[in-house]
Amino acid sequence: MNTFRDGITRILRGLAGISFLAMVILTCWQVLTRYVLQNPSTWSEELVGYLFAWMSLMGASLVTCERGHMNIPIVVERFHEGGQKVLLCLGELIAFLFSAVILVFGGVQITSLAMGQMTSSLGVPIGIFYVVLPLCGILNMIYTVLNIIAIIQGKSEEKEEAV
């Protein structure tokens, strides 16, 4: 199970890193074209905005993997071990439901609606950039299930170690 989680996490971190690197390069390109060449690059500015959204959602999935999402530990700590496990599982279940309804279901809806619209500078369907919503929703759902399994097995005291 940990090998599966580690593999997904490694890929996700790589994609987030590549996205960040691309954003840095494209932003430098924007500065060069705007101030040195006096001919601003509009496509790179638009792409940086979409890459930022992708990187943010991939980062949110990584936070879900590490069980680093918001919680109120002072409330959980007041319960005995069994109660703590129930509350931690409840938190993961809420994250699972949010991911299923908002990110996957809503993401599929908005992606299919946006496939008919084209970006202004890049000339590609906007829906391509919205595909990250259901993808990260599915990743979040996988991670929350793995987190629930870890909590039940007694690994709830510490966040999952990052790869």
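Source: prediction; values computed, not measured.
- The hydrophobic cluster containing Val132 does not contain Leu21, counting ILVMFWY residues as joined when their side-chain heavy atoms lie under 4.5 angstrom apart, directly or transitively.
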Report task. Verify side chain to side chain contact (heavy atoms under 4.5 Å, CB included) between Tyr50 and Ile126, making sure each step is shown before the conclusion. Result -> CA-CA 10 Å; Tyr50 290 124; Ile126 292 176; 4.1 Å; yes
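- Taken together through direct or relayed side-chain contacts under 4.5 Å among Ile, Leu, Val, Met, Phe, Trp and Tyr, Ile149 and Met141 form part of one hydrophobic cluster.
- Note that CD1 of Ile8 is 11.0 Å distant from CD1 of Ile138, once rounded to the nearest 0.5 Å.
- Separating the CG atom in Asn147 from the SG atom in Cys65 is a distance of 7.0 Å, to the nearest 0.5 Å.
- The shortest distance between side-chain heavy atoms of Thr111 and Pro134 falls below 4.5 Å.
- Not a single salt bridge (Lys or Arg N to Asp or Glu O under 4.0 Å) links Glu46 to another residue, sequence neighbours left out.
- Side-chain contact between Ile148 and Phe96: absent, with no pair of heavy atoms (C-beta onward) separated by less than 4.5 Å.
- Under the 4.5 Å side-chain criterion, counting only non-hydrogen atoms from C-beta, Trp54 is not in contact with Leu15.
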Requested in this report: Test side chain to side chain contact (heavy atoms under 4.5 Å, CB included) on Leu87 and Glu77 and set out the steps.
Outcome: CA-CA 10 Å; Leu87 287 175; Glu77 290 169 356; over 6 Å; no
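- The two residues Val104 and Gly137 come nearest to each other via the heavy atoms CG2-C, 3.6 Å.
- Between Leu139 and Ser61, the closest heavy-atom pair is CB-OG, 4.1 Å.
- The shortest non-hydrogen separation linking Ala150 to Arg67 is CB-NH1, 4.3 Å.
- Looking at Pro125 and Met118, their side chains come closer than 4.5 Å, going by heavy atoms from C-beta outward.
- At distances below 3.5 Å, not a single donor-acceptor pair connects side-chain atoms of Asn140 with backbone N or O atoms of Thr64.
- Side-chain contact check for Arg34 versus Ser41: every heavy-atom pair is 4.5 Å or farther apart.
- Taking hydrophobic clusters as Ile, Leu, Val, Met, Phe, Trp and Tyr residues chained together by side-chain heavy-atom distances below 4.5 Å, Phe52 shares a cluster with Met58.
- Inter-residue side-chain proximity for Ile142 and Phe4 is flagged as met; some heavy-atom pair is nearer than 4.5 Å.
- Here the CD atom belonging to Gln30 is positioned 9.5 Å from the OG1 atom belonging to Thr42, to the nearest 0.5 angstrom.
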Requested in this report: Starting from the C-alpha separation in whole Å, work towards a yes-or-no answer on side chain to side chain contact (heavy atoms under 4.5 Å, CB included) for Met115 and Ile128.
Outcome: CA-CA 7 Å; Met115 281 299 184; Ile128 289 173; 4.2 Å; yes
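- Atom CG of Leu133 and atom CG of Leu57 lie 5.5 Å apart (nearest 0.5 Å).
- Across all their heavy atoms, Cys89 and Ile152 have their closest contact at SG-CG1, 4.2 Å.
- Under the 4.5 Å side-chain criterion, counting only non-hydrogen atoms from C-beta, Val63 is not in contact with Tyr143.
- Contact record, Phe79 with Val75: CD1-O, 3.3 Å, taken as the closest heavy-atom pair.
- You'll find the side chain of Leu47 stays beyond 4.5 Å of the side chain of Trp29, heavy atoms only.
- Closest approach of Gln84 and Val76 over heavy atoms only: CG-O, 3.1 Å.
- The environment of CD1 in Ile74 is sparse: at most 12 heavy-atom neighbours from other residues, nucleotides or ligands sit within 6.0 Å.
- With values rounded to the nearest 0.5 angstrom, Ser56 atom OG is found 10.5 Å from Leu51 atom CG.
- By the criterion of side-chain heavy atoms lying less than 4.5 angstrom apart, applied directly or through intervening Ile, Leu, Val, Met, Phe, Trp or Tyr residues, Ile25 is not grouped with Val31; the two fall into different hydrophobic clusters.
- Hydrophobic clustering (side-chain heavy atoms under 4.5 Å, transitive across Ile, Leu, Val, Met, Phe, Trp, Tyr) keeps Phe129 apart from Leu113.
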Query raised in the report: Going through the checks in order, is the side chain to side chain contact (heavy atoms under 4.5 Å, CB included) test met by Leu62 and Thr9?
Result: CA-CA 7 Å; Leu62 287 169; Thr9 304; 3.7 Å; yes
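- In this structure, OG1 on Thr144 lies 6.0 Å from CD on Glu92, to the nearest 0.5 angstrom.
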